[in-house]
Each structure stands twice: as structure tokens, then as C-alpha cells.
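Sequence positions, counted from 1, serve as the residue numbers for this chain.
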Amino acid sequence: MKNISENYPKFLSQASGLKPESKELKVRFYYRWLKPTVNDEVAGVNGPAAVGSRAKPILIAILSLLALCAGAQNHVFVETESFTEKGGWVIDQQSFVVMGSSYIMAHGMGRPVKDAATTVKFPKTGKYKMWVRTKDWAPFPKGPGKFEISIDGQKVNQVFGSSGSDVWKWYDGGEVNIRGTQAKLSMKDLTGFNGRCDAILFTDDLKFTPPNELEALGAFRRKLLNLTEKPVDAGRFDMVVVGGGVAGTCAAISAARQGLKVALIQDRPVLGGNNSSEIRVHLMGDTDKNYYPKLGRIVREMDNGDPGNGNADAKEYGDARKIAVVKAEPNISLFLNTFVNKVEKESDIITAVVGRDIATNQETRFSGSFFSDCTGDGTLGYLAGAEFRMGRESKAETGESLAAEKADDFTLGTSNLWASLDRDTVSSFPETPWAMQFSDEYHIDEAKADWQWETGFGNFNTITEAEKIRDHNLRAIYGNWSYLKKNKPAKYAKKELAWVAYIGGKRESRRIIGDHILNQMDIQEGKLYPDGSVTATWTIDLHFPDPKNSKYFEGQEFFAGTKHIKVAPYTIPYRCLYSKNIQNLFMAGRNISTTHVAFGSTRVMRTCGMMGEVVGFAAALANKYKTSPRGVYTDHLPELTAILKGETLAPQPE
């Protein structure tokens, strides 16, 4: 006992030092310190006389040490997107804005995918409670997203993903015995129908329940992932482009070729957005009817021809081509798989953005002089406090004949395209009682999708309910395909689903307000403003639910109709390409400053790409003259126009 008393500081040091850390997992320990009091009159240790002189420090040491050991709470938090082996599971980041995280999903189109696995380090052996954060994505009454978890090859005695609840939450996986300081964790897909898992938690506090409320969960997640520490510094850039679709990629290339140091940040592993192999929408709009012949050259470099919508061959969409063009630019630093979720500002000026890697969760900070929101959703502008609109304006507000009678939340929808291919042998497809149900009276007799497969139309918010929209589309695709395989064997017996998009191709969400809001009259009257820049040619193409689809799926429409209203080539003012109230924010793509009606024409990708080209030129001028995007319009418009015309002006005063 004397040795314990003498070595009391050493015992405390050893106890409080139990904070192992792993590069693969961030582990946190929480200690509850107790301050025991010992009465000098306590008897039983060498008699009353010994208590005051020796027993008190000895007992304090023992009780303190026991308190430390008993009070330590060990959490091992595993983000599934960080699994070292994804197997056939895919990373889905589309709901990052509402979940604060990515997750992995078993997208097998009805065939179970290969297991995902990783090695997890534990601070000690022993008993842990396991929690699994998941949901039942199609609870009608129970969905098909079932999966199992194994630890060192030992299957946990519970199946996840078919609870009947479509709410993301923690599910109790029971107690598990960890026999070593590391263990192999694996996830087995049981159906191939989009089972999903956000995170797995192990805790040695068997009474602990992790938080489900999003704010508390976000703080819990950040703490356990050690995301409160300083992000990696990517450096300072002249131009930071957020969003690597056609618009953003063209903006980055255009600015880089003007000599600016550019960061191009994209939240997926490929560039091109809706024109990538993940979504497979073909490019529309003309680049050869420009008032300004210099515009469209970069778009043509991105253009891989016209494979149509939903082509089964991923290579037709030119992912490698887009990456190669960007990587050939010495002034561009490309950051793929990075979701920008924070903005730093000084007054109405953006100073930096922070992005998180969708797989590793590493955070990176990008500071810059100018920023361009090419996210489509207007994410950067929203985070920065830019003025924006979402939905339809009223006729009374805009004076447009095509506007709604009353303003509302109606937006064009999101598509998940798909395709089948002919095979040599007959194949079957599982029954889908959880999917949308079709009949001889109503089904869609097609071997592949086109643009009409679309969900939204004000029934769902295209930003905050992106996951629900995608899942609704999947229920329609799988339900219809199951019907065709079973009821039309002459046509479909030897056809097999070859590809289904799990990333939604969005049309409409936020529109950031600029110094000019393009409207129907600007388009149809062909108004040529002094700052007219991009020449647009696409019709006013506003989608609505297909009437027959509405008849059979009222309120759950997934198939669209449209009425094309032809327009003569017209120009989009440069003032639509920068924010009204954030001084150094450009935008290009479908989130520029238009009304809902005008958006129906400006939203196609070749047109959006030319917007990016203009933004790159304007950013170079803003950088040259140390002015704002608005300053380019007010003070340097002739020079911008000359650049668009391919002319060279005499040097201007700087």
C-alpha cells in the first residue's frame, strides 16, 4: 500500500494517458473525475491511528484510480464512406447538406454487390455496444435494403435496413466481444437494392445512446472525427470555382488560360455534372450561333459528341477527356471528391471556403480573391448569404405570360436515367412489392429511359429531399422493369438492366439574384443589352407532370411532359453572372439570375458552359484592375466585350 501512495502521481499519469489514436479512426475518451472524501475516523486499516496518517492518501489514490478507470468512456466511430475496401458499395454525397455526411450504398440493380470491409482499431479488448446508423429507404411496408455486419468473420445477430422506418437513425446492434486491438469489419449486401449505412459506433459504455437529432449528431460526429482541428491549407488562389459540371469546368479553364491561379472543386470523382458517366445527360444548346465567336471554344473541348440520354456505355460521356483537359492546365489545381460546406466572410466578401473529402472526411481550406458558384444548387451563394429565389414567380411580379398565377415552390424535377441491354440468355428480375406498382392498364414499355423520367414538380424539395427524389425514381424504375420482365417476356426476357443512375440529374433549385434578372420578355423580344454575353438558343422548356402519369400516380408523378416554346438566338447579360449582394461572387450554370420561366431556356449545358467561359474572362479583368465583378460591368465593359469578340484593345489604364 505504501508503494501505491508513493507512486500516486505515476498511477494518475498512466490512467489519464489512455488516449490511443489511429490514423484510420478518430477515437475519443471521456473521463469522469470523482473527488472522494475519506473520513479520518474510518476504521479497518491497521486501526484508527493509521487512518489519518497513511490510509487517507492511499484510499484517495485507489479511489481516484478506480474512478478514472470506471469513468473512461471509449467510443470508436466508423464512417462507412471511409472503408478501405468499398467492394461493390458506392459513396453517395447527395444529401450531405442535410446529413452532414456521405454514406455508402449497395447499388446492385437487384443483384447483391461485393462486401465492403475495413480494419478498425480498438483501445482495448472486451465488450462493446454496437450502433448502426441506417434507414429503410422503401418502407412499403418494408423495403429491400437489407444488409448484415460481421466482425472478424463473425456475423452480428441482426439484419439492418428493413425496419419499416424511412428516417435515418441509430439502430442497436447488440453487444459484441472484441478480442484484439483491431478487428475486420465487413458489410454484406443481401439484395442488391440500395441498402445504405452512414456510420457504425462501438462504445464500451453499454448504457450510452448516440444522438439522432441532427445538430447534436453533427457535433458528436465532428468531435469523434477530430474535425474541430485546423483544416489542411490548400493555399491562396486568384479564383476558386466550386462545382465541376460543364459550367464550372469551363469557368476554371477560361480563368486559368487568362493567367489566374485557379482551384476547381468538385464533390464527385468525375467532372461534367449532368454530362458525366454518373448521370448521362447529353449536351444541348448551340455554340455556333454566337454574336461572340470566341465563346464556345472550351465547351467544344468538353464535348464528346451526342450519345443521347442514358446511354449504356459510360465511355460515351468522356469523363477521361474532361479530366485530361483540366489536368493539362498548369494554372488549375483540381480537387475531386470535395464537398464545400463552409464559407468564411468579411462583411459581404468571401475570403475562403472549406470543403470535406466525401470519403476520408479530411477538411481543406481554400482562400481566394474571387469565387464562382457553379454548383447548380447555388450552395456556395447560399452559404455566403447571397440573395436567391427558388420556385415560380407570379404573373403579377414578373409580367410574364408564362408565369404562374401565384408564386409557389414548383421546380422542374430530377432524373435518374437507366438503360437495358440485350443478352444471349433469358434472365429474371426479383419481385418488387415495395416498389411502385404497374399494370396492363399503365406501364412504360421502353428498354431505356429518356429525359421524361423525372421527379420533383414541387412535391419534393430538390435540395433537402434529394435522397427521397432519387429513391422515388428508383421505385418507379425497378417497379416498371419488374412488370416488363414478368409480363412481356417476348420483348424483355433476354434484356437485362445494364445501368441505373444513383446520382440524380437535377434541373432546378436555387437561382442566385444578380444585378439583372433575365425574364421571358428579354428572351422572346431578343433584347440586346450592352452587356449581352452568352448567346442562348434553347427553347423555353418548362416541364410538368405527364397527364397520364398524374392520372395513375397523382401526387407521386415520376414522368414528365413539356411544351417547347421556340426562341430566336438571344443574349444573356453579364449582370446575370454575378451576385447582387456578395461582392466577389460569380455564378455560372443553372443557378444564374433568371426568373423560373427564363430558366427554362438558359439551363442547358452548352449554354451553361459558355457562361463559365465569360466568368473566367471577367475574373481575369477583375483581378487585373483589382475590382469586383460589378466593377467589370461599370468600368471595364468595353474590354470584356472586346475579349468576347476576339479583339485586342490598346492597353487600358490599371
Side-chain angles (χ1 to χ4, degrees), residues 75 77-81 89-107 116 129-149 156 158-174 187 189-191 193-203 207-225 339 341 358 361 409 414 416 432-436 455-456 458-476 478-479 502-504 555-556 558:
H75 295 326
F77 189 86
V78 186
E79 286 277 23
T80 57
E81 63 268 27
W89 297 65
V90 295
I91 295 178
D92 185 354
Q93 92 308 336
Q94 295 167 99
S95 296
F96 196 107
V97 292
V98 293
M99 292 179 62
S101 174
S102 308
Y103 58 84
I104 61 172
M105 180 170 64
H107 185 60
K129 171 70 77 68
M130 184 178 80
W131 293 90
V132 178
R133 191 163 191 267
T134 184
K135 69 183 292 186
D136 185 341
W137 70 273
F140 302 99
K142 289 190 176 182
K146 295 187 290 186
F147 63 94
E148 295 174 337
I149 293 177
V156 173
Q158 185 168 339
V159 173
F160 301 95
S162 59
S163 65
S165 171
D166 65 353
V167 177
W168 279 103
K169 57 185 176 181
W170 291 102
Y171 287 85
D172 186 344
M187 294 174 52
D189 169 36
L190 298 178
T191 68
F193 280 123
N194 301 88
R196 60 203 65 179
C197 183
D198 173 24
I200 301 169
L201 175 71
F202 297 90
T203 177
K207 295 182 179 180
F208 177 80
T209 301
N212 273 311
E213 193 274 326
L214 284 176
E215 186 174 348
L217 174 62
F220 182 71
R221 191 193 303 269
R222 288 188 62 80
K223 193 163 191 177
L224 296 187
L225 291 175
F339 190 99
N341 65 330
I358 66 170
N361 287 291
D409 295 329
T414 297
N416 289 85
T432 56
W434 43 268
M436 302 184 78
T455 293
N459 295 339
F460 298 93
N461 183 294
T462 54
I463 297 173
T464 60
E465 296 181 297
E467 185 184 27
K468 286 186 178 181
I469 290 175
R470 188 270 315 280
D471 293 346
H472 189 74
N473 284 339
L474 292 182
R475 290 181 61 232
Y478 293 141
Y502 66 91
I503 301 293
Q556 301 184 64
F558 60 86

Task: Spacing of CZ belonging to R221 relative to CE belonging to M99, to within rounding of 0.5 Å - done: 6.5 Å
Open item on the list: So, taking the atom named CD in E81 and the one named CG in D92, what distance separates them when rounded to the nearest 0.5 Å?
Closed with: 10.5 Å
Task: D409 atom CG, neighbour heavy-atom count above 12 within 6.0 Å - done: no
TODO: With sequence neighbours left out, write down each residue that passes ring-ring contact (aromatic ring centres under 6.0 Å, His included) with Y103, or none if nothing qualifies.
DONE: W168
Open item on the list: Applying side-chain contact (heavy atoms from CB on, under 4.5 Å) to E148 and F160, what does each step give before you reach the verdict?
Closed with: CA-CA 6 Å; E148 295 174 337; F160 301 95; over 6 Å; no
Open item on the list: Are L225 and N361 packed together at the side-chain level, in the sense that at least one heavy-atom pair is separated by less than 4.5 angstrom?
Closed with: yes
Open item on the list: Between V78 and L201, is the side-chain contact (heavy atoms from CB on, under 4.5 Å) condition met? List the steps.
Closed with: CA-CA 6 Å; V78 186; L201 175 71; over 6 Å; no
Task: Heavy-atom neighbours of E213 CD exceed 12 at 6.0 Å - done: yes
Task: Heavy-atom side-chain proximity of V97 to N341 below 4.5 angstrom - done: no
Task: Residues in side-chain contact (heavy atoms from CB on, under 4.5 Å) contact with N459, at least two apart in sequence or another chain - done: E557
Open item on the list: How long is the straight-line distance from OG of S95 back to CD1 of I469, given to the nearest 0.5 Å?
Closed with: 9.5 Å
Task: Closest approach of G143 to S162 (non-hydrogen atoms, all atoms of both residues) - done: O-CB, 3.7 Å
Task: Centroid separation F202 to H75 less than 6.0 Å - done: no
Task: Heavy-atom side-chain contact between T203 and M130 under 4.5 Å - done: no
Open item on the list: Does this structure show an ion pair linking E467 with K135, if we count only N-O contacts that are shorter than 4.0 Å?
Closed with: yes
TODO: Search all heavy atoms of G174 against all heavy atoms of K129 and return the closest pair with its distance.
DONE: O-CD, 3.5 Å
TODO: Please name all residues satisfying ring-ring contact (aromatic ring centres under 6.0 Å, His included) with Y171, sequence neighbours left out, ordered by chain then number.
DONE: none
- [ ] Ignoring hydrogens and angles, state whether a donor on the side chain of S101 or D198 is under 3.5 Å from an acceptor on the partner side chain.
- [x] yes
Open item on the list: One thing to verify: whether K146 and D189 come together as a salt bridge, which I'm taking to mean a side-chain N less than 4.0 angstrom from a carboxylate O.
Closed with: no
Task: Residue pair A106 / W89: nearest heavy atoms and the distance that separates them - done: N-CE3, 3.5 Å
Open item on the list: Donor-acceptor check, side chain of R470 to backbone of Y502, threshold 3.5 angstrom: yes or no?
Closed with: yes
Task: Side-chain donor or acceptor of T80 paired with backbone N/O of C197 under 3.5 Å - done: yes
- [ ] Verify side-chain contact (heavy atoms from CB on, under 4.5 Å) between L474 and N194, making sure each step is shown before the conclusion.
- [x] CA-CA 9 Å; L474 292 182; N194 301 88; 3.6 Å; yes
Open item on the list: Classify the ring geometry of W434 against Y478: parallel below 30°, tilted from 30° to 60°, perpendicular beyond 60°.
Closed with: perpendicular
Open item on the list: How long is the straight-line distance from NZ of K169 back to CG of L217, given to the nearest 0.5 Å?
Closed with: 14.0 Å
Task: Closest heavy-atom pair and its distance - F208, F220 - done: CZ-CE1, 3.8 Å
Task: Interatomic distance, D471 atom CG to M105 atom CE [nearest 0.5 angstrom] - done: 7.5 Å
- [ ] Any chance you could measure T455, atom OG1, to R475, atom CZ, to the nearest 0.5 Å?
- [x] 10.5 Å
Task: Heavy-atom closest contact (T464 atom, N461 atom, distance) - done: N-OD1, 2.9 Å
Open item on the list: Donor-acceptor pair, distance only, cut-off 3.5 Å: does the side chain of E79 make one with the backbone of I200?
Closed with: no
TODO: Please report the C-alpha distance between T134 and W170 in whole Å, then the side-chain angles of each, then the deciding distance to 0.1 Å, and finally whether the side-chain contact (heavy atoms from CB on, under 4.5 Å) criterion is met.
DONE: CA-CA 7 Å; T134 184; W170 291 102; over 6 Å; no
Task: Exercise: identify the closest heavy-atom pair between F147 and R196 - done: CE2-O, 3.4 Å
Open item on the list: Quiz question: by atom type and distance under 3.5 Å, do the side chains of D136 and S165 form a donor-acceptor pair?
Closed with: no
